[in-house]
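Contents: one structure, followed by commentary.
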Amino acid sequence: MTHFRTRSSLSVMLLNWKILIIDASGQTANRLCDALFGFCASKTPNPFTVPLPSPSATAVTPPSMPTVRKTPFQVVHISDVHIDREYTVGSEADCTKNICCRDFADEAGEPVTDPALPFGNSKCDSPVSLADSMLEAVNSFDAQFVIFTGDVVEGAIWLTTQDEVTSDLIDFNAEMLSKITAPIFPAIGNQLVRSDSTPVNSFPRNTTDTTLDVQWVFDTQSAGWEHWIGNAASQQVDHISGSYAATVPGMNLVILSVNTQYWYRQNLWVYDSDIFQPDPNGIFSFMVEQLQAAENAGQKVWVIGHIPLGKADIIEDQSNYYDQILQRYKDIIVGQFFGHSHKDQFEIAYSDYSNQTAANAVGVGLICPALTPTSGNPAFKVYDVDPDTLGIMNIRVIFANMSDPSFQTDPTWTLYYDARETYGPLVGLPATSELTPAFWHNLTEVFAANDTAFQLFNTFLSRGGDVVPCDDTDNCKNMTICDQRAFRSQNNCDIDEGAFGMIRKRDVRGSQREASECEGIGIREIFDEIRNSRT
Ligand SMILES: *[C@@H]1O[C@H](CO)[C@@H](O)[C@H](O)[C@H]1NC(C)=O
Ligand SMILES: *[C@@H]1O[C@H](CO)[C@@H](O)[C@H](O)[C@H]1NC(C)=O
Ligand SMILES: *[C@@H]1O[C@H](CO)[C@@H](O)[C@H](O)[C@H]1NC(C)=O
Ligand SMILES: *[C@@H]1O[C@H](CO)[C@@H](O)[C@H](O)[C@H]1NC(C)=O
Ligand SMILES: *[C@@H]1O[C@H](CO)[C@@H](O)[C@H](O)[C@H]1NC(C)=O
Ligand SMILES: *[C@@H]1O[C@H](CO)[C@@H](O)[C@H](O)[C@H]1NC(C)=O
């Protein structure tokens with residue numbers, strides 16, 4: 001890929017070596033520039049008002065919080081398994097390739113300095129043995145259902161083929177089905193591959209004129225998920241670009257699973273046209289339709305998706321439009337769950353982002369830590385859910401400690417921390433209260449005032465496995481709290497220096513690096529590949 005500027009146009013040679021001409025002063029060029037160089041344009045979204053039905057006059061006001069709670073039920077959240085099916089025990093973990101812990105012909109006979117062990121290595125994605133071990137642990141929680149917020153395949157983006165990804169998706173669906181008795185509600189992750197003639201395969205919008213087709217991802221998951229989500233939802237996966245809505249059997253709860261890929265800054269195909277496309281592939285209009293149906297039916301909704309909406313790698317425009325939908329349906333959206341960053345995090349939405357108070361907190365995105373050992377100890381979350389409100393009463397993070405000597409023979413999955421026990425007393429949380437958006441806001445106030453509490457959070461990010469100092473020295477703590485209060489990407493404090501900068505401000509001290517830009521295939525990877533192919 002290369003690009004050049006003329007006075008009035010910016011030409012981008014994209015993917016299948018087709019030259020696309022876009023207006024250098026237009027919104028598309030600004031967004032592309034953001035992705036390449038960091039924030040060129042301001043973080044101000046292009047104005048767009050999502051068409052939203054008004055609340056019906058008869059809509060019931062949300063019931064006040066119950067004073068007596070029924071016994072909660074459990075839901076398990078897993079994410080970012082990143083299984084490498086070619087992981088080879090005894091191979092080199094400390095290699096210079098895009099992916100290690102594999103047998104490479106050109107390394108045969110070389111001494112191994114850091115051998116890949118049976119249940120994983122912190123430099124490599126997950127072996128099948130680790131994923132199986134986690135799925136068995138998940139099943140032991142007797143959850144009513146399980147949510148999985150995506151990323152199945154290992155990070156060897158330049159080595160994977162469509163056939164390999166397809167069989168990896170099929171294999172993991174089969175493994176979840178065989179090991180977990182509860183229904184599973186999955187979301188599409190960043191399943192991207194190279195294809196024969198093109199250097200990279202990402203998710204083109206349905207307006208893109210290309211022979212490249214990712215329908216096979218939706219076909220595969222439509223078939224693989226039908227067992228859990230039912231026929232109607234599996235048809236939606238096929239026809240709504242991987243998104244679906246499914247009612248949880250026996251509950252007044254709809255799982256709305258959204259494919260966040262078309263809002264992803266690193267998806268090159270979103271820069272292929274000057275035409276402003278606020279709702280690529282109609283995912284927002286599908287959300288509104290499903291939320292309205294749930295509101296009419298008196299149902300509650302949990303939204304699940306791969307990329308959290310407040311991250312720098314969600315384009316400000318789509319993040320803002322999603323937030324508009326959230327504001328309209330905040331009374332029925334009682335949970336939002338994501339993965340992608342590999343860290344245990346949360347992001348708060350406000351009715352007024354310039355006045356961030358507990359009273360104005362209207363939603364929270366809960367982010368699940370990853371299984372893959374590359375960003376800390378492997379972990380998942382267990383939620384305690386109130387059967388009446390379907391709100392979250394507690395979160396327990398369950399982890400396997402890789403430093404435990406028995407980890408490589410039989411990983412033990414144990415409680416890492418209990419959010420209610422750890423954080424509740426710090427904010428004076430009453431015994432019958434849920435972990436509401438206001439609770440999370442108050443917790444950020446505690447973090448700002450009490451550094452000991454903030455440092456707990458910082459350690460929890462990576463489950464104690466890959467802890468990076470974060471304090472006031474380079475404004476890291478301030479920016480972290482800012483990000484906790486940013487469910488919209490326009491409000492986060494990330495300083496993205498783009499594909500050429502390759503680092504974010506916070507990386508200066510190595511702190512807070514996230515997996516976000518390292519997985520999936522985007523602009524950075526394409527430049528890497530070009531650089532590698534020239535050397
Ligand atoms: C793209 O998807 C949207 C939403 O489903 C739909 O309205 C539109 O007709 C589609 N466009 C094409 C070219 O298929
Ligand atoms: C901020 O929000 C609070 C709570 O809703 C409200 O009482 C206060 O007046 C608001 N302040 C401003 C400056 O809008
Ligand atoms: C993991 O195990 C090591 C070795 O036993 C121990 O030092 C460490 O504290 C454990 N980590 C956590 C988070 O429990
Ligand atoms: C948050 O803090 C405010 C102000 O101290 C308090 O009025 C409110 O009850 C708290 N909310 C929760 C859920 O802890
Ligand atoms: C600050 O947080 C720590 C860790 O949770 C806690 O033990 C301590 O009591 C808190 N301090 C205050 C003043 O609340
Ligand atoms: C971060 O620092 C800025 C500038 O000093 C300050 O205005 C802001 O309140 C701080 N934010 C937090 C969350 O501490």
Side-chain angles (χ1 to χ4, degrees), residues 27-28 30-36 38-46 48 50 79-80 149-151 187-190 192 202-203 205 241-243 256-271 276-281 283-284 287 303-327 333 336-343 345-350 353 363-368 479 482-499 504 512 514-524:
Q27 55 87 26
T28 303
N30 278 334
R31 291 292 175 233
L32 176 61
C33 185
D34 289 347
L36 293 175
F39 296 116
C40 307
S42 73
K43 289 169 89 170
T44 308
N46 287 303
F48 174 72
V50 179
S79 205
D80 295 86
T149 46
D151 273 11
I188 296 277
N190 292 353
L192 309 171
S202 201
F203 283 57
R205 297 179 289 197
S241 308
S243 302
L256 179 53
S257 178
V258 296
N259 179 359
T260 54
Q261 201 63 39
Y262 301 98
W263 313 330
Y264 186 26
R265 201 185 297 285
Q266 302 281 316
N267 178 3
L268 275 182
W269 290 105
V270 304
Y271 309 108
F276 176 51
Q277 298 179 48
D279 184 12
N281 291 36
I283 310 285
F284 291 134
M287 287 181 72
V303 181
I304 67 172
H306 183 60
I307 311 179
L309 275 291
K311 295 287 176 197
D313 51 11
I314 292 279
I315 298 168
E316 295 73 29
D317 302 339
Q318 278 73 33
S319 181
N320 180 284
Y321 312 152
Y322 178 108
D323 186 71
Q324 293 178 32
I325 297 173
L326 171 63
Q327 303 292 336
I333 299 176
Q336 299 177 94
F337 306 89
F338 304 94
H340 181 66
S341 72
H342 297 187
K343 306 271 180 176
Q345 292 166 315
F346 61 90
E347 290 174 347
I348 304 161
Y350 297 89
Y353 283 85
V364 65
L366 299 175
I367 303 170
C368 189
M479 287 196 295
C482 168
D483 286 358
Q484 290 167 345
R485 295 176 180 166
F487 189 77
R488 295 191 308 196
S489 66
Q490 74 195 78
N491 296 99
N492 69 39
C493 291
D494 295 340
I495 299 161
D496 187 331
E497 297 185 355
R504 301 158 85 192
Q512 301 302 311
E514 293 185 359
S516 41
E517 291 91 8
C518 313
E519 58 188 39
I521 285 182
I523 290 163
R524 285 160 209 240

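The analysis underlying the following values was restricted to heavy atoms, covering all of them including side chains, and did not include hydrogens, waters or symmetry mates. Numbers for residues simply follow the sequence, beginning at 1.
Panel note: side chain S319, backbone S489; a donor-acceptor pair is recorded below 3.5 Å. At distances below 3.5 Å, at least one donor-acceptor pair connects side-chain atoms of D279 with backbone N or O atoms of F284. For E347 (side chain) and R485 (main-chain N/O), no donor-acceptor pair under 3.5 Å exists by modelled atom type. When atom types are taken as modelled, the side chain of Q324 and the backbone of V50 share a donor-acceptor pair closer than 3.5 angstrom. Checked by atom type and distance alone, the side chain of Q336 never pairs as donor or acceptor with a backbone atom of L309 at under 3.5 Å. Side-chain N or O atoms of N259 include none that pairs as donor or acceptor with a backbone N or O of A187 at under 3.5 Å. The main-chain N or O of N492 is found under 3.5 Å from a side-chain atom of K43 such that the two form a donor-acceptor pair. Proximity of a side-chain donor or acceptor of S241 to a complementary backbone N or O of N281 within less than 3.5 Å is not detected. Here the side chain of R205 pairs no donor or acceptor atom with the backbone of Y262 at under 3.5 angstrom. Side-chain atoms of D313 do not come within 3.5 Å of backbone N or O of R265 as any donor-acceptor pair.
Taking NE2 of H342 as the start and SG of C368 as the end, the distance is 10.5 Å to the nearest 0.5 Å. Atoms CD1 and CZ, on I188 and F203 in that order, are 6.0 Å from each other to the nearest 0.5 Å. One distance of note links OH of Y350 with CG of D323; it measures 12.0 Å at 0.5 Å rounding. Distance check: Q261 CD to N267 CG gives 5.5 Å after rounding to the nearest 0.5 Å.
Nearest heavy-atom pair, V270 versus T28, reported as atom, atom and distance to 0.1 Å: O-CG2, 4.5 Å. For P308 against I314, the heavy-atom pair with the smallest separation is O-CG1, 3.4 Å.
In summary, the side chains of D151 and H306 do present a donor paired with an acceptor at a separation below 3.5 Å, with no hydrogens or angles considered. Looking at E316 and N320, their side chains never bring a donor and an acceptor atom within 3.5 Å of each other.
For the pair D483 and C493, the minimum side-chain heavy-atom distance is below 4.5 Å. Side-chain contact between I307 and N190: present, with at least one pair of heavy atoms (C-beta onward) separated by less than 4.5 Å. F276 has its side chain within reach of F48: a pair of non-hydrogen atoms, C-beta onward, lies under 4.5 Å apart.
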*Report the C-alpha separation of V364 and F337 in whole Å, then their side-chain angles, then the decisive distance to 0.1 Å, and conclude whether the side-chain contact (heavy atoms from CB on, under 4.5 Å) test is met.*
CA-CA 9 Å; V364 65; F337 306 89; over 6 Å; no

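Each of Q318, K311, H340 was scored for a side-chain contact (heavy atoms from CB on, under 4.5 Å) with Y264, with one residue passing: H340.
In this view, D317 and R31 satisfy the salt bridge (Lys or Arg N to Asp or Glu O under 4.0 Å) rule, not counting sequence neighbours. Every side-chain contact (heavy atoms from CB on, under 4.5 Å) that N491 has, sequence neighbours left out, goes to Y353, A486, R488. Under the side-chain contact (heavy atoms from CB on, under 4.5 Å) criterion, T149 pairs with H77, S79, I304, not counting sequence neighbours.
Note: Y322 and F487 meet the aromatic proximity criterion, with ring centroids under 6.0 Å apart.
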